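Treat the numbers as computed from the prediction; the structure is a model and nothing was measured. Atom set for the values below is all heavy atoms of this structure, side chains included, hydrogens, waters and symmetry mates excluded. When a ligand or atom number is given, it counts from 1 through the structure's own listing order.
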Amino acid sequence: MIAIGNDHTGYALKKAIIEYLEERNIAYKDFGCGDITSSDYPEYAHEVGKAIQNKECELGILICGTGIGISIAANKMKGIRAALCHDCFSAEATRLHNDANVLALGARVVGIGHAIKIVDTFLNTDFSQNERHIRRIQMLEE
Ligand code: RB5
């Protein structure tokens, strides 16, 4: 199950990502927001983060204007590793090396077509299970 959340700036991109998920029968839970009325990105970061912490969802996607605020908010939560990625190389590397469990996107930074490719890369890359990466990820929690 994929958790998805966004502020008002991310609403249009969220809808495109949901279309991508539905076309592929990928289960998701939408934590809002549900329109373009001004909203506070930490609220959605916290909802998506909680869904991952309580194992309701395995991975999350968070969107704000830059992707920065919403990733900062998510990364303050225990066990959340949110990666702000605006290219496919980073999206792949953060799954392989960091076992990132949240992809953050800036809707004002990337176009929808590019963002979908980044989402596709993130969702289709597994953690490497490499010992050195496991050790480093454990160090993040210390
Ligand atoms: C909203 O104007 C904007 O500040 C927010 O979407 C995000 O970019 C914050 O980091």
Residue [X] vicinity, atoms of ligand 1 by number, heavy atom under 4.0 Å:
| X | answer |
| --- | --- |
| Asp7 | 5 (C), 6 (O) |
| Cys64 | 6 (O), 7 (C), 8 (O), 9 (C), 10 (O) |
| Gly65 | 5 (C), 6 (O), 7 (C), 8 (O) |

Protein residue, atom and distance nearest to [atom], heavy-atom basis:
| atom | result |
| --- | --- |
| atom 10 (O) of ligand 1 | Gly69 N, 2.9 Å |
| atom 8 (O) of ligand 1 | Thr66 N, 3.0 Å |
| atom 9 (C) of ligand 1 | Tyr41 CE2, 3.4 Å |
| atom 2 (O) of ligand 1 | Arg108 NH1, 3.5 Å |

Members besides Leu105 in its Ile/Leu/Val/Met/Phe/Trp/Tyr cluster (side-chain heavy atoms under 4.5 Å): Ile2, Ile4, Leu13, Ile17, Ile18, Tyr20, Leu21, Ile26, Tyr28, Leu59, Ile61, Ile63, Leu103, Val110, Ile112, Ile116, Ile118, Val119, Phe122, Leu123
May I ask you to list the residues sharing a hydrophobic cluster with Phe127, side-chain cutoff 4.5 Å, ordered by chain and number? Ile134, Ile137
Mind listing the closest non-hydrogen atom pair of Ala51 and Ala3 along with its distance? CB-CB, 4.3 Å
Decide whether Tyr41 and Met77 are clustered together by the hydrophobic rule: side chain heavy atoms of Ile, Leu, Val, Met, Phe, Trp, Tyr closer than 4.5 Å, transitively. yes
Sidechain N-carboxylate O distance under 4.0 Å for Arg135, Glu131: yes
Tell me whether the count of non-hydrogen atoms from other residues, nucleotides or ligands lying under 6.0 Å of CD1 in Ile36 goes above 12. no
Given the protein's heavy atoms, is any one of them under 4.0 Å from atom 4 (O) of ligand 1? no
